[in-house]
Amino acid sequence: MFWPTKKDIKTALEVLALFQWALSAFVIITTVILVNLYLVVFTSYWPFTVLMLIWLAFDWKTPERGGRRFPCVRRWRLWKHYCNYFPIKILKTHDISPSHNYILACHPHGLMAHSCFGHFATDTSGFSKVFPGITPYILTLGAFFWVPFFRDYVMSTGACSVSQSSIDFLLTQKGTGNMLVVVVGGLAECKHSTPGSTTLVLKNRYGFVRMALRHGVSLIPAYGFGETDLYDQHIFTPGGYINRFQNWFQKMVHIYPCAFYGRGFTKNSWGLLPYSQPVTTVVGEPLPLPKIENPSQEIVAKYHALYIAALRKLFDQHKTKFGISETQELVIV
């Protein structure tokens with residue numbers, strides 16, 4: 001009779017942790033929509049749906065007012081299995097004082113930003129021990145907060161909206177020791193996420209620099225070595241029908257539809273789970289910025305260039321430790 005070993009059980013829990021996070025959005029959103037349609041159309045319990053919508057309207061601005069984090073959710077044992085799946089690790093290069101606020105720009109986005117989520121949306125990767133006194137707020141698209149229950153699940157991890165009003169609130173109304181985490185490349189970077197890629201969408205991304213200048217907070221560069229190795233992606237012929245559809249779709253909804261794949265539930269199978277490859281996020285030195293409430297485009301461009309230089313320096317100092325050749329450089333598009 002086959003009895004699973006401790007290693008088999010550990011692997012199964014890690015796969016479950018990855019699978020549930022990827023599936024939770026679909027399950028929760030679909031359930032909320034279908035249940036409320038059923039209540040309204042087929043039963044007399046439609047007031048429950050009305051009450052839920054009233055609460056949603058009342059609570060609509062919460063993601064822009066610091067969110068609603070639950071430390072117990074961030075410490076779930078499930079997230080520990082999530083982090084151990086790859087595994088993901090964090091490397092500190094400089095101390096970060098809790099007497100100031102910061103904006104940390106995380107690169108690259110990859111396809112699912114797994115390392116960014118593991119480090120900053122959970123408290124199981126060792127972040128709080130590496131950076132004591134620092135509270136991370138991962139900033140994401142407002143669309144994640146449109147659906148009841150799912151928005152609460154997302155906010156429970158400490159996530160907030162990436163809107164300007166949200167950033168203003170976190171940097172002025174929550175004291176010090178706050179680290180706002182922004183994945184600058186966003187979904188536009190998915191098309192460049194192939195194994196070995198070091199291409200970042202950053203050339204025309206000025207918003208995070210402008211916000212840092214408005215509040216006089218330091219920018220911190222961070223690079224996740226191995227993030228782009230978690231999936232393979234089929235690249236269609238440039239100019240072909242499918243490639244033109246991808247570009248059209250991206251222009252319409254700002255999401256690039258990728259033909260990506262990874263592993264299945266067993267190690268050597270094909271599927272949509274990421275490969276279990278190590279990812280190490282190196283957090284660089286804070287780059288101090290002056291406080292300029294209405295910075296000109298020239299000033300923003302100046303500090304944007306300084307930030308890119310700091311990011312390149314961080315990448316070059318550590319790339320050979322993670323299997324990247326000495327001659328390979330960051331490509332900024």
Side-chain angles (χ1 to χ4, degrees), residues 14 82-96 102-120 124-127 129-131 134 136 179 181-186 188-203 205 208-209 218-233 235 258 260-263 267 273-288 303-333:
E14 291 170 358
Y82 179 100
C83 295
N84 289 340
Y85 172 89
F86 301 98
I88 64 172
K89 299 179 180 179
I90 193 163
L91 178 62
K92 177 176 72 172
T93 60
H94 293 79
D95 290 330
I96 296 178
Y102 307 89
I103 293 179
L104 181 142
C106 197
H107 311 273
H109 181 281
L111 282 163
M112 300 290 182
H114 284 297
S115 61
C116 184
F117 175 85
H119 289 311
F120 308 114
T124 56
S125 72
F127 176 87
K129 294 180 181 178
V130 176
F131 298 107
I134 299 297
M179 177 185 286
V181 181
V182 183
V183 187
V184 179
E189 221 163 64
C190 292
K191 66 189 297 183
H192 304 292
S193 183
T194 55
S197 172
T198 56
T199 299
L200 303 179
V201 176
L202 182 57
K203 186 177 181 180
R205 299 293 174 105
F208 72 108
V209 179
S218 297
L219 286 174
I220 303 177
Y223 193 92
F225 290 92
E227 182 70 43
T228 58
D229 298 330
L230 299 181
Y231 295 94
D232 284 306
Q233 182 178 171
I235 304 300
C258 301
F260 68 91
Y261 58 93
R263 56 164 283 189
K267 191 168 185 179
L273 289 174
Y275 296 120
S276 52
Q277 303 278 2
V279 183
T280 301
T281 300
V282 183
V283 179
E285 180 181 7
L287 176 66
Y303 285 98
H304 183 265
L306 290 176
Y307 172 80
I308 290 179
L311 178 62
R312 288 189 186 277
K313 180 180 178 182
L314 179 72
F315 177 82
D316 290 338
Q317 286 177 339
H318 297 274
K319 60 184 178 183
T320 56
K321 302 174 187 176
F322 303 101
I324 300 176
S325 69
E326 186 67 41
T327 58
Q328 188 167 351
E329 297 182 350
L330 279 181
V331 179
I332 306 296
V333 295

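Just so you know, these numbers use all the heavy atoms, side chains as well, and skip hydrogens, waters and symmetry mates. For the single chain, residues carry numbers from 1 onward in sequence order.
No donor-acceptor pair under 3.5 Å is formed between the side chain of Gln277 and the backbone N or O of Leu230. The main-chain N or O of Val279 is never found under 3.5 Å from a side-chain atom of Ser115 such that the two would form a donor-acceptor pair. The backbone N or O of Val283 sits less than 3.5 Å from a side-chain atom of Thr93, completing a donor-acceptor pair. Between the His107 side chain and the Val183 main chain, no donor and acceptor come within less than 3.5 Å of each other. Between the side chain of Glu285 and the backbone N or O of Ala310 there is no donor-acceptor pair closer than 3.5 Å.
Remark: Glu189 CD to Arg205 CZ distance equals 8.0 Å, nearest 0.5 Å. Atom CG of residue Leu104 and atom OG1 of residue Thr281 lie 9.0 Å apart, to the nearest 0.5 angstrom. Atom-to-atom distance recorded for Lys129:NZ and Ile90:CD1 is 13.5 Å, nearest 0.5 angstrom. Here Ser197 contributes atom OG and Gln233 contributes atom CD; the two are 9.5 Å apart, rounded to the nearest 0.5 Å. Atom CG in Leu311 sits 11.0 Å away from atom CG in Leu287 (nearest 0.5 Å). The distance from the OH atom of Tyr307 to the CD1 atom of Ile220 is 9.5 Å, given to the nearest 0.5 Å.
For Tyr102, there are no side-chain hydrogen bond (donor to acceptor under 3.5 Å, both in side chains) partners two or more places apart in sequence or in a different chain. The ring-ring contact (aromatic ring centres under 6.0 Å, His included) search around Phe127 returns Phe120, Phe131, not counting sequence neighbours. By the salt bridge (Lys or Arg N to Asp or Glu O under 4.0 Å) test, Lys92 pairs with Asp95, sequence neighbours left out. Checked against salt bridge (Lys or Arg N to Asp or Glu O under 4.0 Å), Lys319 has the following partners two or more places apart in sequence or in another chain: Asp316. Scanning for side-chain contact (heavy atoms from CB on, under 4.5 Å) contacts around Pro195 gives Asp229, Asp232, with sequence neighbours left out.
If you look at Tyr223 and His318, their ring centroids are not closer than 6.0 Å.
A 4.5 Å side-chain heavy-atom check between His114 and Tyr231 finds at least one atom pair inside the cut-off. With contacts defined as side-chain heavy-atom distances shorter than 4.5 Å, the pair Pro278/Phe322 does not qualify.
Across every non-hydrogen atom of Thr228 and Pro108, the tightest pair is CG2-CG, 3.7 Å. In plain terms, the two heavy atoms of Pro286 and Ile96 that are nearest each other are CG-CG1, 4.3 Å. Smallest separation of non-hydrogen atoms from Gly110 and Ser193: CA-OG, 3.4 Å.
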**Request:** Carefully, step by step, assess Cys190 and His109 under the rule side-chain contact (heavy atoms from CB on, under 4.5 Å).
**Result:** CA-CA 7 Å; Cys190 292; His109 181 281; 4.0 Å; yes

**Request:** Evaluate the side-chain contact (heavy atoms from CB on, under 4.5 Å) criterion for residues His119 and Val181: first the C-alpha distance (whole Å), next the side-chain angles of each, then the deciding distance (0.1 Å), finally the verdict.
**Result:** CA-CA 10 Å; His119 289 311; Val181 181; over 6 Å; no

**Chi angles and distances behind the side-chain contact (heavy atoms from CB on, under 4.5 Å) call for Tyr82, Thr124** = CA-CA 9 Å; Tyr82 179 100; Thr124 56; over 6 Å; no

Solution key, residues 324-333 side-chain donor-acceptor pairs under 3.5 Å, sequence neighbours excluded:
| from | atom 1 | to | atom 2 | distance (Å) |
| --- | --- | --- | --- | --- |
| Ser325 | OG | Thr327 | OG1 | 3.4 |
| Ser325 | OG | Gln328 | N | 3.4 |
| Gln328 | NE2 | Gly196 | O | 3.0 |
| Gln328 | NE2 | Thr198 | OG1 | 3.4 |

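Using cut-offs of 30° and 60° on the angle between ring planes, the pair Phe208 and His304 is perpendicular. By the 30° and 60° cut-offs, the orientation of the rings of Phe315 relative to Phe225 is parallel.
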